[in-house]
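Everything on this sheet refers to the single structure shown next.
If you're wondering where the values come from, they're calculated on a predicted model, not measured in any experiment.
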Amino acid sequence: MTLTAATYFEHLKAYVNSDYVMHDGSDNKVILSEKYFRPEDTKPQTRKIELLLPGSGMAFKLDHDEFETSNRKLKPALFHFLDDNAKPWSKRCDFVVFYVNGRAFHADCIEFKSKSLNADKIVPQLKAGACWVGTLKRTIEHYTGDKRRFKLRKFVFGENENPNAYLDANRQLNADPSVRYYHFDEVNGQPLASLQNSSVVEV
């Protein structure tokens, strides 16, 4: 059955694996954090971005930290029943934030990048994030009958000070006009729903 956005969120929260939930949306915000290395660093740094939510929400970290297994670094598989080795579903964006905004249900896919805005990694990672959202939605629908349309957007947040060569006039990526670029400083502490993206897809 088709559920209201608020009810669908409560159902989604009950179904998902909490190991992937980075922040539960308490205090109407999510905090996204990621470890990264700079060339001069001997230890990893942690970057944190706070985004305000208009209602209930939660943030997923799809790009889980690697773990050591038999001297190999592996990422946990998103779909444990599928081979994750160099397959399309092994790609993933860093974060997906689900939230309720009035009567609408939203899913924003977000990738963090330090300097480079090379589309070779950004575009397939965000595309894979959007595919994961669609897969999650359809899996829940097939098993439970719960239905809800999602409004999906894709973003890359970075610290490139001169990104214009990679962007069009609307600050969407030249390589994929569905992806909107923001500097980390522009988004930290801002309402997620107010971020601009000329491309919104219904899933």
Side-chain angles (χ1 to χ4, degrees), residues 1-34 48-65 75-82 84 87-112 124-157 178-180 182 187 189-197 199-203:
M1 82 184 123
T2 301
L3 304 176
T4 66
T7 302
Y8 188 89
F9 175 76
E10 292 303 321
H11 285 224
L12 178 64
K13 189 165 64 172
Y15 298 147
V16 295
N17 184 343
S18 61
D19 290 346
Y20 283 91
V21 177
M22 163 155 273
H23 196 277
D24 63 3
S26 55
D27 299 322
N28 289 108
K29 67 182 178 183
V30 288
I31 298 172
L32 311 181
S33 65
E34 183 180 62
K48 289 187 177 181
I49 296 294
E50 180 179 297
L51 298 166
L52 307 181
L53 300 178
S56 301
M58 62 182 166
F60 273 69
K61 183 167 176 57
L62 293 191
D63 199 4
H64 255 256
D65 296 331
K75 289 182 179 177
L78 278 176
F79 304 103
H80 298 282
F81 49 86
L82 293 174
D84 207 50
K87 302 298 190 297
W89 47 85
S90 67
K91 297 183 186 298
R92 60 193 82 179
C93 62
D94 290 322
F95 309 100
V96 176
V97 181
F98 295 103
Y99 61 98
V100 177
N101 188 5
R103 300 167 118 190
F105 194 81
H106 293 257
D108 285 348
C109 299
I110 300 170
E111 180 70 19
F112 280 9
Q125 285 172 311
L126 285 167
K127 179 183 177 184
C131 289
W132 179 83
V133 170
T135 301
L136 176 66
K137 174 185 180 293
R138 287 174 181 86
T139 299
I140 290 172
E141 186 175 323
H142 282 307
Y143 274 91
T144 69
D146 295 349
K147 296 179 182 178
R148 182 71 214 176
R149 299 295 290 174
F150 289 24
K151 291 188 176 182
L152 186 140
R153 304 183 298 174
K154 294 184 280 186
F155 294 97
V156 56
F157 298 164
S178 70
V179 180
R180 176 65 148 85
Y182 278 98
V187 295
Q190 296 302 307
L192 179 56
S194 72
L195 300 187
Q196 299 298 305
N197 189 325
S199 178
V200 180
V201 176
E202 275 216 347
V203 180

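Using modelled atom types, one finds a donor on one side chain and an acceptor on the other under 3.5 Å when comparing Ser26 with Asp24. Between the side chains of Lys147 and Thr2, not a single donor N or O lies within less than 3.5 Å of an accepting N or O.
Two residues are said to be in side-chain contact when any heavy atoms from C-beta on lie closer than 4.5 Å; Val16 and Val21 meet this criterion. Between Ile49 and Val187, some side-chain heavy-atom pair lies under the 4.5 Å cut-off. At least one side-chain heavy atom of Tyr99 sits under 4.5 Å from a side-chain heavy atom of Pro54. Within the 4.5 Å cutoff, the side chain of Lys61 has heavy atoms near those of the Glu34 side chain. The closest side-chain heavy-atom distance from Val96 to Val133 is below 4.5 Å. Taking 4.5 Å as the limit, some side-chain heavy atom of Val97 sits within range of a side-chain heavy atom of Leu32. At a threshold of 4.5 Å between non-hydrogen side-chain atoms, the residues Val30 and Phe98 do not count as touching.
The distance from atom CG of Asp108 to atom CG of Asn197, rounded to the nearest 0.5 Å, is 8.0 Å. Between atom NE2 of residue His23 and atom NZ of residue Lys48 there is a gap of 9.5 Å, rounded to the nearest 0.5 Å. Rounding to the nearest 0.5 Å gives a distance of 5.0 Å between CZ of Phe95 and CE of Met22. In this structure, CG in Asp94 is found 11.0 Å from SG in Cys109, a value given to the nearest 0.5 Å. Going from atom OG of Ser194 over to atom CG of Leu192 covers 8.0 Å, rounded to the nearest 0.5 Å. Atoms CD and CG, from Gln190 and Leu51 in turn, are 9.0 Å apart once rounded to the nearest 0.5 Å.
Relative to the six-membered ring of Tyr182, Arg180 meets both conditions, a distance below 6.0 Å and an angle of at most 45° to the axis.
A donor-acceptor contact shorter than 3.5 Å is absent between the side chain of Arg148 and the backbone of Tyr8. Side-chain atoms of Thr144 come within 3.5 Å of backbone N or O of Ile140 as a donor-acceptor pair. No donor-acceptor distance shorter than 3.5 angstrom exists from the side chain of Asp27 to the backbone of Lys29, with no hydrogens or angles considered. Counting only distance, with no hydrogens or angles, the side chain of Thr4 and the backbone of Thr7 share a donor-acceptor pair below 3.5 Å.
Between Phe105 and Phe9, the ring-plane angle classifies as tilted under the 30° and 60° cut-offs. Taking the six-membered ring where the residue is Trp, Tyr15 and His11 present perpendicular rings, their angle passing 60° and hence far from 30°.
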Yes or no on salt bridge (charged side-chain N to carboxylate O under 4.0 Å, His left out) for Arg92 and Asp84, after CA distance, side-chain angles and deciding distance? CA-CA 11 Å; Arg92 60 193 82 179; Asp84 207 50; 3.3 Å; yes
Step by step, would you call Phe155 with Val179 a side chain to side chain contact (heavy atoms under 4.5 Å, CB included)? CA-CA 5 Å; Phe155 294 97; Val179 180; 5.9 Å; no
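The nearest pair of heavy atoms linking Leu195 to Arg153 is O-NH1, 2.6 Å. The heavy-atom pair separating Leu62 from Cys93 by the smallest distance is CB-O, 3.3 Å. Pairing each heavy atom of Gly55 with each of Asn28, the nearest pair is O-ND2, 3.3 Å. Heavy-atom minimum distance, Leu126 versus Lys154: O-CD, 3.6 Å.
The ring pair (Phe, Tyr, Trp, His ring centres under 6.0 Å) with Trp132 is formed by just one residue from the set Phe60, Trp89, Tyr20; it is Phe60.
Within 6.0 Å of the CZ atom in Arg138, the count of heavy atoms belonging to other residues, nucleotides or ligands does not exceed 12.
Here Asp146 does not pair with Lys137 in a salt bridge; the nearest charged N to carboxylate O distance is not below 4.0 Å.
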